[in-house]
Amino acid sequence: MIDYADEKQLWALSNQATELANQYRVARHKAAEAKYRLDIILASKMNEFRKVKSSIGYDMARIMLLEEGNEDIKNYYKEEEKWTADYKGLEKVLDALHGQIILAQSLIKNKK
């Protein structure tokens, strides 16, 4: 249990939030990179996919792209999914840490 009056523990909590924010930034960047690669391939295939289904949506087109069995495409998709899940999880952890920091600040303020 954290002692909210202990300044060192609060700094450690703040440093942890900063470290996780950096991990969030990296995961978000990697997810965007994989999505970009996948979208470039998808854009080159859209005319072909529209011949099969004229009003194809983005999500359906991505699934059709995966059906081709290309290992690079599968890899980009997998990377995007993995890094997206990572950054979304990190968002929740960061929110919780910020909540703890705010609580600690309130407790310190009300103690004085």
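Closest approach of S14 to I101, counting heavy atoms only: CA-CD1, 3.9 Å. Residue T84 comes nearest to A31 through the heavy atom pair OG1-CB, 3.6 Å, listed as atom of the first residue, atom of the second, then distance.
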- side chain to side chain contact (heavy atoms under 4.5 Å, CB included) between Q100 and L97: does it pass, once the steps are laid out? CA-CA 5 Å; Q100 282 186 314; L97 277 173; 3.5 Å; yes
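Using a 4.5 Å heavy-atom threshold, the side chains of M46 and M64 count as separate. Looking only at side-chain heavy atoms (C-beta outward), D39 and Y58 come within less than 4.5 Å of each other. Between E79 and W83, some side-chain heavy-atom pair lies under the 4.5 Å cut-off. Counting heavy atoms from C-beta outward, L20 and Q23 have side chains that approach closer than 4.5 Å. Between F49 and L65 there is a side-chain heavy-atom pair separated by less than 4.5 Å.
In this structure, the separation between CG on L66 and NZ on K78 is 12.5 Å, given to the nearest 0.5 Å. The distance from atom NZ of K51 to atom CG of N47, rounded to the nearest 0.5 Å, is 7.0 Å. Atoms CG and CZ, on L90 and R28 in that order, are 11.5 Å from each other to the nearest 0.5 Å. Here the NZ-CD1 distance, from K35 to I40, works out to 10.0 Å after rounding to the nearest 0.5 Å.
When the side chains of ILVMFWY residues are joined at heavy-atom separations under 4.5 Å, either directly or via intervening members, Y36 and L42 end up in two distinct hydrophobic clusters. The same ILVMFWY cluster, assembled from side-chain heavy atoms under 4.5 Å apart, contains both Y77 and I56. The hydrophobic clustering, which links ILVMFWY residues whose side-chain heavy atoms are closer than 4.5 Å, places V93 and V26 apart.
Side chain of H29 to backbone of R25: no donor-acceptor contact under 3.5 angstrom is found. Judged by distance alone, the side chain of S44 and the main-chain N or O of I41 form a donor-acceptor pair under 3.5 Å.
Of the residues K45, K74, R62, the one that meets the salt bridge (charged side-chain N to carboxylate O under 4.0 Å, His left out) test with E68 is K45.
Between the side chains of D86 and Y24, no donor-acceptor pair of N or O atoms lies under 3.5 Å.
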